[in-house]
Amino acid sequence: MKIVIAEKPSVGRELAKVFGATTKRDGYIEGKGYSFTWAFGHLLQLAPPQEYGYIGWRRQHLPMLPKKFKLGIRKIKTKDGMVEDPGVRKQLDIIKKLFDEATEIIVATDAGREGELIFRYIYYFLKCKKPFKRLWISSQTDEAIKDGFRNLKPGTDYDTLFNSAHCRSESDWLVGMNATQALSISAGSRSVLSLGRVQTPTLAMICSRYLEIKNFVPQLYYQLAIQLDKDGQLFRAMSVSNFDKKEDAEALFAKIQDVGSGFANGGKILTVEAKPRKEPPPLLHDLSSLQQEANKKKGFTADQTLNLLQGLYESKLITYPRTGSRYIGDDVFAGVPALIEKLKGHKDFGRQAEYLSSAKLNKRSVNAKKVTDHHAILSTGEPPYQMSDDKQAIYDMVVGRMLEAFHEECIKEITKITVESGSVFVANGTVIQSAGWRSVFNEKDEEKKDEENPSLPKVKAGEELPVVNKALLEKQTKPKPLYNEASLLKALETSGKDIEDEELRYAMKDSGLGTPATRAAIIETLLNREYIVREKRNLVPTTKGLAVYDVVKDKKIAQSELTGQWEKRLEEIRSGASVLDFKAEITDYTRVITDELLLAGAGLAEKFT
DNA sequence: GCAAGGTC
């Protein structure tokens, strides 16, 4: 019997289906000489400190540096504290039984670093010695799966990938557990003051933005506005320059040749530019972009959106939601017309689906090279059932985006008119000529509607028009806004893009801080620790959060560069570099940060209790 | 009591 082990049930079932295996057993599917089983993500985790004899949180234990890490079954929180997850225990027993019977093991966990780790932890925990082969595919279509099985790789090809994953896991434990205990102990805090490679830079971003706003001194500046009349159609133009000094603005304001000052035609058209601009459709959604949109449109938290998506996924209405890719491959694209066909009955988007079903589809979101472990979120074509309003809203965001993404470009005409009247003014106008993808939701562009005219009259250079109104505007510079869940998710995703060191920036280019699957949980952790609170839709630090930030803000653990450095080294390990060197670096750093925090945290608790 | 990672 050959055993195939997937990362999650949905993939195990899909693989079984492709093989025509149909006998459903408890925790696996059998048929055609194979058994298809699965994990539920990580079933095993690094054992907590007490399992190495570090009982209680004590200064003399620090730094905790286990000689050899142990694995334990994933725990869940109950009213009696942390206990082994019974479902996980049961599935591990099933996997063990199957491995014992196996003639060959085929590893079909997700094609990536964590997928490799999920399997290897199970394999080593069960003390399995049988050889295994690796299925490595990035698309779940029948063809891709069959092709993958025809090209199974030797399991050992991925030993270095496992090494990098293993280092990631142990390093996070070493730095996180030690830093957390060091700070909590030295602060004399009753509550846990947790720190970690991801959560602490995230906290730092929220705190530094908050302080930046608090210390922001608004600057006054001035701008001039005029209103012109072209055969009864009024439009507005703004001075090209801003003025820091009121006198400067007033001097030019006085020179405006408006009707009130006795000029019949005081605005002279200098230039008129009109050009079409093509606006491509947005990409399909990945988890993060959908969480951001749901936060903006509906005020859902990242965690709520993830839960709603998980529900839709479990009822097979959408594809895998924890994806970091906004693209699909050509094979998946081949199935898109059929999906669009099924949307014809949708109450809001039916007409657009109708239109698209006979149109040439836009392929901007089709790029197999940009599909990572999973492709972008799509509907599955399953008929939707009656669902809660919140779930429906999320489902509609998924299918609405699909229609947008495969729609044609929106074509706008951008007009820019410059006018002279004492000084130079400019009027901008945008007219949508062909809505294209924008007809799906039919919403206004939120940015820059402030100073724009929806449409401008037809004018010619050299023409002179009456200035019917003028204004001297006093304005203030504004600070950046507080983070909300949408902007924080975006910031986590793009974190690392502005790191100065080119190599570190490169190492983080595909990752950012955290992963799509964990970012919602990171935000929840900061809330649970009472480091931050939600105020309306904003995320605002508490006194406690600010006190912790103050202690760690100049340390490496609070900077996203730390992740950049790790990613760079982990990639080197994946391509064969020494594991021992990296482990030695991490051990050194663990000692340093532990010592620093044991000193720096002294008396901290008094600042927030 | 604690990390970050995955998923039901």
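Source: prediction; values computed, not measured. To find a chain, count down the sequence lines: A is the first, B the second, and so on, and within it residues start at 1.
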Open item on the list: Counting only side-chain nitrogens and oxygens, does A/Gln199 get under 4.0 Å of the OP1 or OP2 atom of B/dA3?
Closed with: yes

Task: Residues A/Arg534 and A/Glu524 bridged, charged N to O under 4.0 Å - done: yes

- [ ] Give A/Pro49 one of three labels, base, sugar-phosphate or nothing, depending on what nucleic acid heavy atoms sit under 4.0 Å from its own.
- [x] base

Task: Phosphate-side-chain proximity, A/Arg529 and B/dA3, N/O vs OP1/OP2 below 4.0 Å - done: yes

Task: side chain to side chain donor-acceptor pair (under 3.5 Å) pairs, two or more places apart, involving residues 317-326 of chain A - done: A/Gln310-A/Arg322

Open item on the list: Ignoring hydrogens and geometry beyond distance, is a side-chain donor-acceptor pair present between A/Ser289 and A/Glu293 at under 3.5 Å?
Closed with: no

Open item on the list: Does A/Ser194 reach a base, just sugar-phosphate, or nothing at all? Heavy atoms under 4.0 Å.
Closed with: sugar-phosphate

Open item on the list: Using whole Å, what does the distance between atom C1' of nucleotide B/dC2 and atom CD1 of A/Ile557 come to?
Closed with: 12 Å

TODO: Can you tell me the distance, in whole Å, between the CD atom of A/Glu524 and the C1' atom of B/dA3?
DONE: 17 Å

- [ ] Could you check how far CG of A/Asn528 sits from P of B/dG1, rounded to whole Å?
- [x] 14 Å

TODO: For A/Gly115, report the nucleic acid contact type (base, sugar-phosphate, nothing); a contact means any heavy atom under 4.0 Å.
DONE: nothing

- [ ] May I have the distance from A/Met64 (atom CE) to B/dA3 (atom P), rounded to whole angstrom?
- [x] 11 Å

Task: Any A/Ser169 side-chain N or O less than 4.0 Å from OP1/OP2 of B/dG5 - done: no

TODO: For the side chain of A/Thr525, starting at C-beta, report the closest nucleotide among B/dA3, B/dG5, B/dC2.
DONE: B/dA3

- [ ] Applying side chain to side chain donor-acceptor pair (under 3.5 Å), name anything that partners A/Asp26, two or more places apart in sequence or on another chain.
- [x] A/Lys90

TODO: Answer yes or no as to whether B/dA3 has its base stacked against A/Trp173, where stacking requires a ring-centre separation under 5.5 angstrom and planes under 30 degrees apart.
DONE: no

- [ ] Kindly state each residue pair satisfying side chain to side chain donor-acceptor pair (under 3.5 Å) with at least one member in residues 187-206 of chain A, sequence neighbours excluded.
- [x] A/Asp172-A/Arg197, A/Ser189-A/Ser191, A/Ser191-A/Lys544, A/Ser194-A/Gln199, A/Ser194-A/Arg529, A/Arg197-A/Thr563

TODO: For residues 167-187 of chain A, pull every pair meeting ring pair (Phe, Tyr, Trp, His ring centres under 6.0 Å), keeping only residues two or more places apart or in separate chains.
DONE: A/Tyr52-A/Trp173, A/Phe69-A/Trp173

Open item on the list: Check A/Arg89 with A/Glu84, please: is the shortest side-chain N to carboxylate O separation under 4.0 Å?
Closed with: yes

- [ ] Answer with base, sugar-phosphate or nothing: what part of the nucleic acid does A/Gln50 contact at a heavy-atom distance below 4.0 Å?
- [x] base

Open item on the list: Considering every strand and a 4.0 Å limit on heavy-atom distances, what is the contact class for A/Gln45: base, sugar-phosphate, or nothing?
Closed with: base

TODO: Between A/Thr515 and A/Gly81, just flag the one whose closest nucleotide in DNA chain B comes earlier from the 5' side.
DONE: A/Gly81

Task: With A/Tyr28 via side chain to side chain donor-acceptor pair (under 3.5 Å) - residues at least two apart - done: A/Lys97

- [ ] May I have the distance from A/Tyr52 (atom OH) to B/dC2 (atom P), rounded to whole angstrom?
- [x] 16 Å

Open item on the list: Which residues pass the side chain to side chain donor-acceptor pair (under 3.5 Å) test with A/Lys497, not counting sequence neighbours?
Closed with: none

- [ ] Give me the residues of residues 174-184 of chain A where at least one heavy atom lies under 4.0 Å from an atom of DNA chain B, by number, or none.
- [x] A/Gly176, A/Met177, A/Thr180, A/Gln181

Task: By side chain to side chain donor-acceptor pair (under 3.5 Å) - contacts of A/Tyr124 (at least two apart) - done: A/Arg120

TODO: Name all pairs fulfilling the side chain to side chain donor-acceptor pair (under 3.5 Å) condition that reach into residues 564-573 of chain A, sequence neighbours left out, sorted by first residue then second.
DONE: A/Arg113-A/Glu567, A/Glu503-A/Lys568, A/Arg569-A/Glu572, A/Arg569-A/Glu585, A/Glu571-A/Arg574

TODO: Using atom CZ of A/Phe40 as one end and atom C1' of B/dT7 as the other, report the distance to the nearest whole Å.
DONE: 9 Å

Task: Along DNA chain B (nearest heavy atom to each residue), the more 5'-positioned of A/His374 and A/Val198 - done: A/Val198

TODO: Under 4.0 Å from any atom of DNA chain B, heavy atoms only: list the residues of residues 116-128 of chain A that qualify, in numerical order.
DONE: none

Open item on the list: Using whole Å, what does the distance between atom P of nucleotide B/dG1 and atom CG of A/Asp80 come to?
Closed with: 11 Å

Open item on the list: With a cut-off of less than 4.0 Å, is there a side-chain N or O of A/Arg168 near OP1 or OP2 of B/dA3?
Closed with: no

Open item on the list: Taking salt bridge (charged side-chain N to carboxylate O under 4.0 Å, His left out) as the cut-off, I'd like each qualifying pair that reaches into residues 591-607 of chain A, sequence neighbours left out, listed once.
Closed with: A/Lys555-A/Glu596

Task: side chain to side chain contact (heavy atoms under 4.5 Å, CB included), paired with A/Tyr589, selected from A/Thr594, A/Ile557, A/Leu174 - done: A/Ile557

TODO: Scan A/Asp110 against the nucleic acid and name what it touches under 4.0 Å (heavy atoms): base, sugar-phosphate only, or nothing.
DONE: sugar-phosphate

Open item on the list: Please report the distance, rounded to the nearest Å, between CG in A/Leu46 and P in B/dG5.
Closed with: 13 Å

Task: Nucleic acid contacts - residues 304-323 of chain A versus DNA chain B, non-hydrogen atoms under 4.0 Å - done: A/Gln310, A/Tyr313, A/Glu314, A/Tyr320, A/Arg322

